[in-house]
> 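Okay, here's the structure, questions in a sec.
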Amino acid sequence: MKIEIVTCKGVGKLNEDSVIINDDISIYGVADGVSSIVPFTNQENETGGYIASNLVKNYYQTLHRSSSFLDDFAKINTQLQNKMNEYNVDTLKKEQLWGTALALVKISPYGIDFIQTGDCMIFAVYEDNAVRTLTRAQTAPLEKAVINRWKELIDKGVTKQAELMKDVKEILITNRQKSNTPAGYGVLNGEDDAVKFTEFGKINKNGLKHIVMMTDGLFLPKELVPEHEHYWEVMVNKILSKGLQAYADDLIELESSDPECVRYPRFKMSDDKAGIWITF
C-alpha cells in the first residue's frame, strides 16, 4: 500500500485542515476545521477551527483500537464541547461554535469502512478506472445560493472580494444556524445532534485500486469542468494523473491568478487544503 498526502495553508494565519494517519489501526482521513462566525482565538493565537481539527487528529493518531466510528465521533464531539466550555464559549449560540468537517476510512483485509460529515469527500477508484463517489458535500446546497448571489454581484460590476464577502455575509451567518439540522448539514461542533448527521458505510475491496480523500480546499473550480462531464470524476482523474502535490500546486497557482475571486467564484483566494491518496 502506498500513501501520498498533501496539506497546505490558505490565506488565513493558520492551516485549519489536518491529515490523519494511524498505520497501526489502518485509519486515515482528513479534517477541515470550522472557525466560529464570532472571532475566537486562545492565548496561543489558535483559532477554534485549528483547535478542532487538531483535536480530531490527535484523537485518532493516538488511538490503539477503534471498533466503531460512530462511538469515536460521539467521544470527539463531547471533547469539542468540553474544550469550548473551557474557553467559556456560549455553546447555545451557533455563531460562536467551532468544529470540524471530517472524512475517515478504516482499511481491513476485505473492506473499507468510511464515515463523513460536512463537505470532506471520499472517492474509490477501481482497476477499470471507474470513479465511485462515496460521500456528498453536505454544505453544497446552501453554498450554491451564496455563490449564485456572488455571481449576480459580479455581473453588476462588483470586482473586489472584500465587497463581495460583505454582501453575502448575512447569508453565511444564516447558513451557520442550520448546522446539524434537517435543513442544513452535518458538522462535529459539540452540538448534541452532531453525530446524527454523519454519513457512513462499508465497501468491499474487490477491484479497488485507490482511495482519495480531500477537504474542500482541493476542490477544482467548477468553471474548469465542461457541463457534460462528471465533476468529481474529472477532479479525481487530475489528481491520479498529476499526483496530489502537483495537483495542489497547480490549483494554488490558478487561485493566485484570480485574487479577487471573480473568475472562479469562491469565498477566499485560497482555502486550506488537505488530501490523502491511497494506492493498493
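Values below: all heavy atoms of this structure, side chains included; hydrogens, waters and symmetry mates excluded.
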> Is any side-chain heavy atom of Pro221 closer than 4.5 Å to one of Leu251?
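They are in side-chain contact.
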> How far apart are the closest heavy atoms of Ser53 and Gly33, and which atoms are they?
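So the two residues come closest at CB-N, 3.8 Å.
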> Any side-chain donor paired with an acceptor under 3.5 Å for Asp249 and Gln245?
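Their side chains do contain a donor-acceptor pair, which is all the 3.5 Å distance test asks for.
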> Please report the shortest heavy-atom distance between Met235 and Leu220, naming the atom on each side.
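Minimum heavy-atom separation between Met235 and Leu220: SD-N, 3.4 Å.
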> Using the rule given for side chain to side chain contact (heavy atoms under 4.5 Å, CB included), can you reason through Thr7 versus Ile5, listing the C-alpha separation, both sets of side-chain angles and the distance that settles it, and then say yes or no?
CA-CA 7 Å; Thr7 183; Ile5 67 168; 5.8 Å; no
> For Thr100 and Ala31, work out which heavy atoms get closest and say how close.
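Minimum heavy-atom separation between Thr100 and Ala31: OG1-CB, 3.6 Å.
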> Is there a continuous path of hydrophobic side-chain contacts, each under 4.5 Å between heavy atoms, that joins Ile21 to Ile122?
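Yes, Ile21 and Ile122 fall within the same hydrophobic cluster.
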> Under the rule for side chain to side chain donor-acceptor pair (under 3.5 Å), what residues qualify as partners of Arg149, not counting sequence neighbours?
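Listed in chain order: Glu152, Asp167.
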> Please lay out, stage by stage, how Asp72 and Tyr60 fare under the test side chain to side chain contact (heavy atoms under 4.5 Å, CB included).
CA-CA 9 Å; Asp72 291 341; Tyr60 274 108; 2.9 Å; yes
> Any side-chain donor-acceptor pair under 3.5 Å between Asn206 and Tyr126?
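Note: Asn206 and Tyr126 side chains miss the donor-acceptor criterion.
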> Is NZ or CZ of Lys222 both nearer than 6.0 Å to the six-membered ring centre of Tyr231 and within 45° of the ring axis?
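Because its charged atom sits under 6.0 Å from the ring centre and within 45° of the axis, Lys222 does stack over Tyr231.
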> Taking all non-hydrogen atoms of both residues, which atom of Gly190 and which atom of Leu80 are closest, and how far apart?
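Smallest interatomic distance, heavy atoms only, reads N-CB, 4.4 Å.
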> Does a sphere of radius 6.0 Å around CD in Glu253 hold more than 12 heavy atoms from other residues, nucleotides or ligands, not counting ones at 6.0 Å or beyond?
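12 or below, so no.
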> Pick out which of Lys93, Lys94, Glu95 makes a side-chain hydrogen bond (donor to acceptor under 3.5 Å, both in side chains) with Gln177.
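With Gln177 as partner, Lys93, Lys94, Glu95 yield a single side-chain hydrogen bond (donor to acceptor under 3.5 Å, both in side chains), made by Glu95.
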> State which residues pass side-chain contact (heavy atoms from CB on, under 4.5 Å) with Ser108; sequence neighbours excluded, sorted by chain then number.
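Scan of Ser108 (side-chain contact (heavy atoms from CB on, under 4.5 Å), adjacent residues dropped) gives none.
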> Between Tyr50 and Trp98, is the ring pair (Phe, Tyr, Trp, His ring centres under 6.0 Å) condition met? List the steps.
CA-CA 9 Å; Tyr50 178 88; Trp98 29 268; over 10 Å; no
> Evaluate the side-chain proximity of Glu46 to Asn54: yes if any heavy-atom separation is below 4.5 Å, no if none is.
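Result no, sub-4.5 Å side-chain heavy-atom pair not found.
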> Does a donor on one side chain sit under 3.5 Å from an acceptor on the other, for Asp119 and Thr139?
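On atom types as modelled, these side chains qualify, holding a pair under 3.5 Å.
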> Can you give me the closest heavy-atom contact between Glu16 and Ser35, atom names plus distance?
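In this case the closest contact between Glu16 and Ser35 is OE2-OG, 2.6 Å.
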> For Glu260 and Lys160, indicate whether the former's side chain and the latter's backbone hold a donor-acceptor pair under 3.5 Å.
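Not a single qualifying donor-acceptor pair exists.
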> Between Met213 and Val19, is a side chain to side chain contact (heavy atoms under 4.5 Å, CB included) present by the stated rule, with each step listed?
CA-CA 10 Å; Met213 290 175 278; Val19 170; over 6 Å; no
> Please report the shortest heavy-atom distance between Lys209 and Glu127, naming the atom on each side.
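That would be CB-N, 4.1 Å.
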> Counting only heavy atoms not in Lys9, do more than 12 fall under 6.0 Å of its NZ?
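Counting other residues, nucleotides and ligands, NZ of Lys9 exceeds 12 neighbours.
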> Please lay out, stage by stage, how Val146 and Phe267 fare under the test side chain to side chain contact (heavy atoms under 4.5 Å, CB included).
CA-CA 9 Å; Val146 188; Phe267 303 137; 3.5 Å; yes
> Can you get from Met1 to Val105 by hopping between Ile, Leu, Val, Met, Phe, Trp and Tyr side chains that sit under 4.5 Å apart?
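Met1 and Val105: one cluster.
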> Per the side chain to side chain donor-acceptor pair (under 3.5 Å) rule, what does the pair list look like for residues 263-280, sequence neighbours excluded?
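Residue pairs with at least one partner in residues 263-280: His210-Trp277, His210-Thr279, Glu255-Ser270, Glu255-Lys273, Ser257-Arg263, Asp258-Arg266, Ser270-Lys273, Trp277-Thr279.
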